[in-house]
Amino acid sequence: MARFREVPIDVSFPTLERAVLARWNAEKTFEQSVAQREGQREYVFYDGPPFATGMPHYGHILTSYIKDVVPRYFTMRGFHVPRRWGWDCHGLPVEFEIEKELGFKSRADIVAYGIGRFNEACKASVLRYADEWRRIIGRLGRWVDFDHDYKTMDQSYMESVVWVFSRLNELGLIYEGAKVVPYCTRCQTTLSNFEARMDDATRPRQDPAITVRFRNADLPGESFLAWTTTPWTLPSNVALAVGPEFEYALMEKDGDAVWIGAATVGNYARELEGYVEKKRVLGEDLVGLRYQPLFPYFEGTPNAFRILPGDFVTTDDGSGIVHMAPAYGEDDNALCAAHGIEGPKPVQDDGTFDSTVTDFSSQHVFEANPHITQKLKEEHLLFRRETYDHNYPHCWRCDSPLIYRAIKTWFARVSEWKGRMIAANQKIRWVPEHIRDGRFGHWLDNSRDWAISRNRFWGAPIPVWRCQRAECGAIEVVGGSADVKARSGREVVDWHRPAIDAITWPCACGGTMQRVPDVLDCWFESGAMPYAQSHYPFEHKAEFEASFPGDFIVEYVAQTRGWFYTLVVLAAALFDDRPFKDVVCHGVILAEDGRKMSKRLKNYPDPMELVEQHGSDALRIALLSSAAVRGSDLRFSEGSVRDAVRRFCIPLWNTLHYFTAYANIDGFQPRGDLPSLPLSRLDRYLLSETESLRARVDEAMASYDFAACYDRIEDFIVLLSTWYIRLSKQRLWRAGMDEDKRTAYEVLHASLSSLAKVMAPFVPFLAESLHGALGGASDNSRSVHLEDWPAPRPEWLAEEIVAEMSAIRQVVRLARSIREEHKLKHRHPLRTVLIAGLPSGAIAHNLDLLADELNVKEVRALDEPEKHVERAVKLDYTRLGKKLRGDMKKVAAATAAGQYEVLEGGGLRAAGIELQPEDYSYRFAPRVAGEGVAAEEKLVVVLDLTSDPELIAEGQMRDLNRGLQDLRKKAGLAYADRVEIGVEASDALWAHIVAHEEWLKEQVLATKIARGSAEAPLAVEKIEVGDEQVLIALTRTEDA
RNA sequence: GGGCCCGUAGCUCAGCGGUCAGAGCAGGUGGCUUAUAUCCACCCGGUCGCUGGUUCGACCCCAGCCGGGCCUACCA
């Protein structure tokens, strides 16, 4: 009766995985794994929410795998690791989707449709992919709690966000200002400076660049040349700026004189053909000069139309003179404000000119560019027209080119607490490490005030109410629903617009307090996630404070300016702390061709089809053992997944198959009594490596080096499969169950059991199958994911055996290379091998192993290796380099040339310098080619190549055995099936067969060996035995 | 313009102040296998981007340059 669950050899990993999933679902294994750690140490993981406006792609899958491995690992290590799924619900991405669906062209369409209806549509849509996400993430084997998820649109979440805003306000970190900010004319809202850099929002664009004459108001024959790539800002021009330190040249030809930056004259070689430099002055000498406005629209602007000094002026591009439109440029705004100039704002919210700009009224600014250029040309004010390729920001969702525009916006005064953010960052552990002071550190250094309001609809409200009486304008900021109720007497039923807008209350002045209409930047909401998911500080106050900062987050590198950033901003302001302790930044997954994965190009395989083809664990291995987990980009190919199956899954599976099949034949039942068993050195080697694997994985996980974890596990599987099991076959194949055989089973069982646990976080499905199969015939054994991580077993470590085995494996390689060189088949036995250079005792310890592996009758120590090999001194460079310094070269040259003398009592002298025995060792190289000698490092192997009839006969028997085994397999026989054999052999060969009949019968489980073909054989084949072609046949013996 | 990362075999990537630079894949040859879709050995294949410097010793550290990627900037 089978005790171990039968493991089919022709496994389908995807099928296997589905069965495991079914069991996890049925037994609520995930829930148990979390619940059983209740009360133990917390390991706090924050789930960075995806925008669920589409289906998961490889990037999400990579993130998800890491978000699964780490919590699984720490759970097994004894931590309580709750994992709540998060949904990002608010913001432009969603609004934009809905606008598309409803066929809206502009913001006005939304208002006409009704904010309430629009937001209902947003709400209804955000979770439309939720079921698909849940299905896919579940299929991947990621354990995460979807039932207790958080959504940024939850009332509790929104109330915490409101609290965060009010808290910042109490700290004096919020203000309303009219700064120049990125603005989307289609969405009709401001964006934050970092949204303008999201993903590929900043990308090449071609714009017109024109150089314009501004005529000197007092000397009409002179003009100032200014260059701009935004002709649409020229109607709003109110000043020019020059670099006070730069030189400016007055260039003249035929009575036309133009001022231009001296360093930029070369930029205008063609236009300035024939012009002569008449004068050269410093910029500061031009300051104060007046010029005629280009357009008449704003002629009356006080203090305007003069030349101002600007420290931002460069001479890299353009003409060295910069035109100033304060409402549409940050520098312009600051400089003009400093000189008492208020700029006109003729551009309306939808990007069109208002009626003040009579010539271009109601034209969109980008549409107006050529018309403005044309008009300037007609008035002879256009000096040059060109096109300019530059990187230009676009709206990260609707893709419209942004403009910069002064607009009333609510700001978080980030520049004020930047220092605390920088300090907090120093306490964060980044993987890869360079992000901390590199990409992220520099980003923090450049932090500017954050425009947090959006003149939009679907988001958490700015919790600011303002008295509607213009002459009062009092402002109140609320920090939660209690604040609202205290003022208005009304409950907050929904923090969303328009419900929240409907709540008003009387101002002390008699006016009405009404909410300012803006909503918050959705990045503000995601930055508030640690607090808002717990409804802090309204609920779970103590739990939150005990669990903050979080232990671990992971997202892709671009979040350094997204979520990672907003988390740090808010945590530094609210708690003067880091929001998380450890963060892993993974890279971007590219298609195999090195380009971005593109649905349109179909340059990548569908993730779920791939998972159903090869299995999720294989995909997990491929992704997490790649450089992507170290922050690099990854060219993903299906081949890497196939490779993972071939290198990792199949060898492991076959190991398990072998173990269960033979253990069941033998009726092996583990007793767990290893310490009392006569462990062989091979057994101790495997146990030592088993323990080392655990330690190596722990070490790698301490630095979140997932790739190293997979490498170590794979190394172990190879060792297990190609060394331990292969060498144990003879032990396990023997009939009956002696103690040695049982020991082998116990060792294998212990090692595999440990392996199952160590693998569990990394290949959760395979580990579960492995663990389940080892647990016994009953399918009711506990999940491996409910087990504790293996405890250290220092008693399993056996360093000297590991070193010895590594030397033995080297000897085996050397012996094989000798056979290779001499075309001697491995099956052909040889008489003797001589070995030198092994650790003392190694030969005695491994006599049988060496004899088997090398297929020799006798293994002996080689006493005088010098007879077969040259001996060379191998210096310990690390030791000697430090000691000898400049003499190192002399000594190295002398010893390499064999010029040294061995000193009595150890040590040697070379180039007049004495070396201690620990300063060097010897290595060998074969002296004579063709002698059956191989050497490497200090090892020397000498194989006796001579043969004799007895050895030849044995070789033939092994050939025959091999052929018969092959035939058994081809005939589809079970391992324990008995057979009858027929052999058509020469007389000489037959005589050998007769001599070895018993051995052969035992090997191939034959009841009878006959000369000639059997009647109606089950299988027949012609094979090579020695030099002879032999026909073999077998028939299955009916069971007695 | 500035910053960060990268440049190692045909491909994907390890490595790292120490002797002769590695693995996997791909190609070739041979061998092993009573679990394996395996595996093993050997061959093929490298100016470790280039040039200097530091050092007894540099793929590794430093400087400069070339190439690629990512990020960034008030390219008006």
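Throughout, a chain's letter reflects where its sequence line sits, starting with A, and its residues are numbered from 1.
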Tell me the salt bridge (Lys or Arg N to Asp or Glu O under 4.0 Å) pairs involving residues 228-243 of chain A, sequence neighbours left out?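 Listed by first then second residue: nothing to list.
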State whether A:Glu433 and A:Arg630 are salt-bridged, where the test is any N-O pair (Lys NZ or Arg NE/NH1/NH2 against Asp/Glu carboxylate O) under 4.0 Å.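 Between A:Arg630 and A:Glu433 there is no salt bridge, as every charged N stays at least 4.0 Å from the carboxylate O atoms.
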Salt-bridge criterion met for A:Lys179 and A:Glu330 (N-O under 4.0 Å):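 A salt bridge is absent here (no side-chain N lies under 4.0 Å from a carboxylate O).
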Could you give the distance separating [M] and [N] at their [atom1] atoms, to the nearest angstrom?
| N | M | atom1 | answer |
| --- | --- | --- | --- |
| B:G3 | B:A73 | C1' | 11 Å |
| B:C39 | B:G49 | C1' | 37 Å |
| B:C40 | B:G69 | C1' | 40 Å |
| B:G27 | B:C11 | C1' | 12 Å |
| B:C65 | B:C25 | C1' | 34 Å |

Stems in RNA chain B: runs of 3 or more consecutive Watson-Crick or G-U pairs, distances under 3.5 Å?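 So the stems come out as B:1-7 with B:66-72, B:10-13 with B:22-25, B:27-31 with B:39-43, B:49-53 with B:61-65.
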Strictly by modelled atom types, are [X] and [Y] linked by a side-chain donor-acceptor pair under 3.5 Å?
| X | Y | result |
| --- | --- | --- |
| A:Trp227 | A:Asn267 | no |
| A:Asp207 | A:Thr229 | no |
| A:His323 | A:Asn237 | yes |
| A:Thr233 | A:Thr230 | yes |

Among residues at least two apart in sequence or on other chains, which ones pass side-chain hydrogen bond (donor to acceptor under 3.5 Å, both in side chains) with [X]?
| X | result |
| --- | --- |
| A:Tyr745 | A:Asp666 |
| A:Asn369 | none |
| A:Arg646 | A:Asp643 |
| A:Thr211 | A:Tyr268 |

Once you round it to whole Å, what is the distance between [atom2] of [N] and [atom1] of [X]?
| X | N | atom1 | atom2 | result |
| --- | --- | --- | --- | --- |
| A:Ile725 | B:U38 | CD1 | P | 18 Å |
| A:Ile307 | B:A76 | CD1 | C1' | 16 Å |
| A:Leu652 | B:C39 | CG | P | 14 Å |
| A:Arg405 | B:C74 | CZ | P | 20 Å |
| A:Gln965 | B:U33 | CD | P | 10 Å |
| A:Lys874 | B:G18 | NZ | C1' | 11 Å |
| A:Glu853 | B:U33 | CD | C1' | 11 Å |
| A:Asn654 | B:U36 | CG | P | 7 Å |

Using the test salt bridge (charged side-chain N to carboxylate O under 4.0 Å, His left out), find all partners of A:Asp919 that sit at least two apart in sequence or belong to another chain.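 Partners of A:Asp919 under the salt bridge (charged side-chain N to carboxylate O under 4.0 Å, His left out) test: A:Arg879, A:Lys883.
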Apply salt bridge (charged side-chain N to carboxylate O under 4.0 Å, His left out) to A:Glu555 and list each qualifying residue two or more places apart in sequence or on a separate chain.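 Once residues adjacent in sequence are excluded, the partners of A:Glu555 under the salt bridge (charged side-chain N to carboxylate O under 4.0 Å, His left out) criterion are A:Lys67.
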Could you tell me whether [X] contacts a base, only the sugar-phosphate backbone, or nothing, with contacts defined as non-hydrogen atoms closer than 4.0 Å?
| X | value |
| --- | --- |
| A:Arg819 | nothing |
| A:Lys890 | nothing |
| A:Thr230 | sugar-phosphate |
| A:Leu964 | nothing |
| A:Gly881 | base |
| A:Leu884 | nothing |
| A:Thr228 | sugar-phosphate |
| A:Arg958 | sugar-phosphate |
| A:Val180 | nothing |
| A:Thr560 | nothing |

Which one, [options], comes nearest to the side chain of [X]?
| X | options | result |
| --- | --- | --- |
| A:His442 | B:C4, B:U72, B:A35 | B:C4 |
| A:Tyr658 | B:U72, B:A35, B:C74 | B:A35 |
| A:His434 | B:G18, B:C5, B:C74 | B:C5 |
| A:Pro651 | B:U38, B:C5, B:A76 | B:U38 |
| A:Tyr877 | B:U72, B:U36, B:U19 | B:U19 |
| A:Met888 | B:G18, B:A76, B:C39 | B:G18 |
| A:Trp227 | B:C74, B:U72, B:A76 | B:A76 |

Side chain to side chain contact (heavy atoms under 4.5 Å, CB included) involving A:Phe246 - partner list, sequence neighbours excluded: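 A:Tyr248, A:Val313, A:Thr315.
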Taking side chain to side chain contact (heavy atoms under 4.5 Å, CB included) as the definition, give me every residue that meets it alongside A:Ser751, ordered by chain and number, with sequence neighbours left out.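 If we apply the side chain to side chain contact (heavy atoms under 4.5 Å, CB included) test to A:Ser751, skipping adjacent residues, the hits are A:Leu686, A:Thr690, A:Phe716, A:Leu720.
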Answer yes or no: does a side-chain N or O of [X] lie under 4.0 Å from OP1 or OP2 of [N]?
| X | N | value |
| --- | --- | --- |
| A:Tyr662 | B:A35 | yes |
| A:Thr722 | B:C39 | no |
| A:Arg726 | B:U33 | no |
| A:Arg962 | B:U34 | yes |

Tell me if the side-chain of A:Ser721 makes a donor-acceptor pair with the base of B:A35, cut-off 3.5 Å, by modelled atom types.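 Pair found.
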Kindly state which residues belonging to residues 622-633 of chain A come within less than 4.0 angstrom of RNA chain B, counting heavy atoms of the residue only, listed by number.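 Result for residues 622-633 of chain A: A:Ala627, A:Asp633, sorted by number.
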If a protein heavy atom is under 4.0 Å from the base, mark B; if only from the sugar-phosphate, S; if neither, -; do that for nucleotides 22-31 of chain B going 5' to 3'. --SS----BS
